[in-house]
Protein chains: 2
Amino acid sequence: MRDDRGDAFDPECPTRVVLDRIGDKWTVLVIGALRDGPLRFTELRARIGGVAAKVLTQTLRAMERDGLLTRTVHAQVPPRVDYELTDLGASLGGPIQTLTDWAETHLTQILGARAAYDDSADAR
Amino acid sequence: MRDDRGDAFDPECPTRVVLDRIGDKWTVLVIGALRDGPLRFTELRARIGGVAAKVLTQTLRAMERDGLLTRTVHAQVPPRVDYELTDLGASLGGPIQTLTDWAETHLTQILGARAAYDDSADAR
DNA sequence: CAGAATCCGATCTGATACTG
DNA sequence: CAGTATCAGATCGGATTCTG
């Protein structure tokens, strides 16, 4: 149970390391959700929506391992665990925002190209 | 045979659309390889290295569908197909570069965090 | 040359049920 | 509350083989 560290095959490519992290389905949403301050597990899960507990846990563990966030367990009953972005994690927000901006400005083009491509394929 | 368009479940989130594309293993490398001008299939494949023909084809088709590149078939024998970035595809280079820069400056931190995390886990 | 077809194992994601 | 365990389904990436 200690063998799924999810490394890419090429540790010497920085871009791949980062893309392997933010390329997954949830990491970017986690960063967005934690942008305004720490949240506990259930809050985080509710704010993101549609994510299974197991999958969120995996995402958070991977992010913790990469130093993007901290996981703080409060010794109390019922248990309380806070997740908070590190400076490193927060700094990733910049590049992501750049990407998001690009995505928003060009989404129409992409969707248009997609529709055109699919149409010409369906015509045959 | 006409059903694997690889859409995400949420077409209204621009960021996901883009991340689904560049998050895969090869798209970013294709953009990098085509940055200096068009290439044909085999050149492209050689320049990237380590990619199976099928997978490269899939990647190129998806990028073509999203309007990131054009595929030009020259009617000649032996066949010749050129792939070239569109303006849209080339413009994606900017955000990717931002991400790459971030990755390069912070890789050491990430790898360090990773090593520390793994050490403390192994200690147990 | 530029792929398409086929097959395969590995990985991802999620639903469900259970627990300290 | 904050997970873990387990299982199933889907998708992915890749090797191999074949073709216009």
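The structure displayed is predicted, hence computed values, not measured ones. Chain naming here is simple, since letters A, B, ... match the order of the sequence lines and numbering starts at 1 in each.
- Residue Leu56(B) contributes atom CG, which lies 13 Å from atom C1' of dC1(C) at whole-angstrom precision.
- In this structure, CD1 of Ile48(A) is placed 15 Å from C1' of dA2(D), rounded to the nearest angstrom.
- The phosphate of dG3(D) has OP1 or OP2 within less than 4.0 Å of a side-chain N or O from Tyr83(A).
- For Arg40(A), a side-chain nitrogen or oxygen approaches OP1 or OP2 of dA2(D) to under 4.0 Å.
- Of the candidates dA2(C), dT13(C), dA2(D), dA2(D) carries the atom nearest the Val81(A) side chain, counting heavy atoms from C-beta on.
- Atom CZ in Arg80(B) sits roughly 12 Å away from atom P in dC1(C) (whole-Å rounding).
- Counting only distance, with no hydrogens or angles, the side chain of Arg71(A) and the backbone of Arg61(A) share no donor-acceptor pair below 3.5 Å.
- A side-chain donor-acceptor contact under 3.5 Å links Asp24(A) and Thr27(A).
- Atom-to-atom, CD of Gln76(A) to P of dC1(D) comes out at 12 Å; the value is rounded to the nearest Å.
- With hydrogens and angles ignored, the 3.5 Å screen pairs a side-chain donor or acceptor of Thr86(A) with a backbone N or O of Gly67(A).
- Regarding Trp26(B), its CH2 atom lies at a distance of 22 Å from the P atom of dT11(D), rounded to whole Å.
- The phosphate of dC7(D) has neither OP1 nor OP2 within less than 4.0 Å of any side-chain N or O from Lys54(A).
- As rounded to whole Å, 15 Å separates atom C1' of dA2(C) from atom CD of Gln58(B).
- With dC1(C), dG14(C), dG3(D) as the candidates, the nucleotide lying closest to the side chain of Thr57(A) is dG3(D).
- Look at CG on Leu44(B): it is 15 Å from P on dC1(C), rounded to the nearest Å.
- Residues Pro79(A) and Gly23(A) each lie close to DNA chain C; by heavy-atom proximity, the contact nearer the 5' end of the strand is made by Gly23(A).
- The NE2-C1' distance, from His74(A) to dA2(D), rounds to 13 Å in whole Å.
- Residue Arg71(A) places none of its side-chain N or O atoms closer than 4.0 Å to OP1 or OP2 of dA2(D).
- For Phe41(A), whose side chain is taken as the heavy atoms from C-beta onward, the closest listed nucleotide among dA2(C), dC7(D), dA2(D) is dA2(D).
- Distance from the side chain of Thr42(A) is smallest to dA2(D) among dA4(C), dG3(D), dA2(D).
- Contact annotation: Arg61(B) side-chain N/O to dA4(C) OP1/OP2 distance is under 4.0 Å.
- A salt bridge links Asp66(A) and Arg114(B); the closest N-O separation between the charged side-chain nitrogens and carboxylate oxygens is under 4.0 Å.
- At least one donor-acceptor pair closer than 3.5 Å links the side chain of Glu43(B) to the backbone N or O of Arg40(B).
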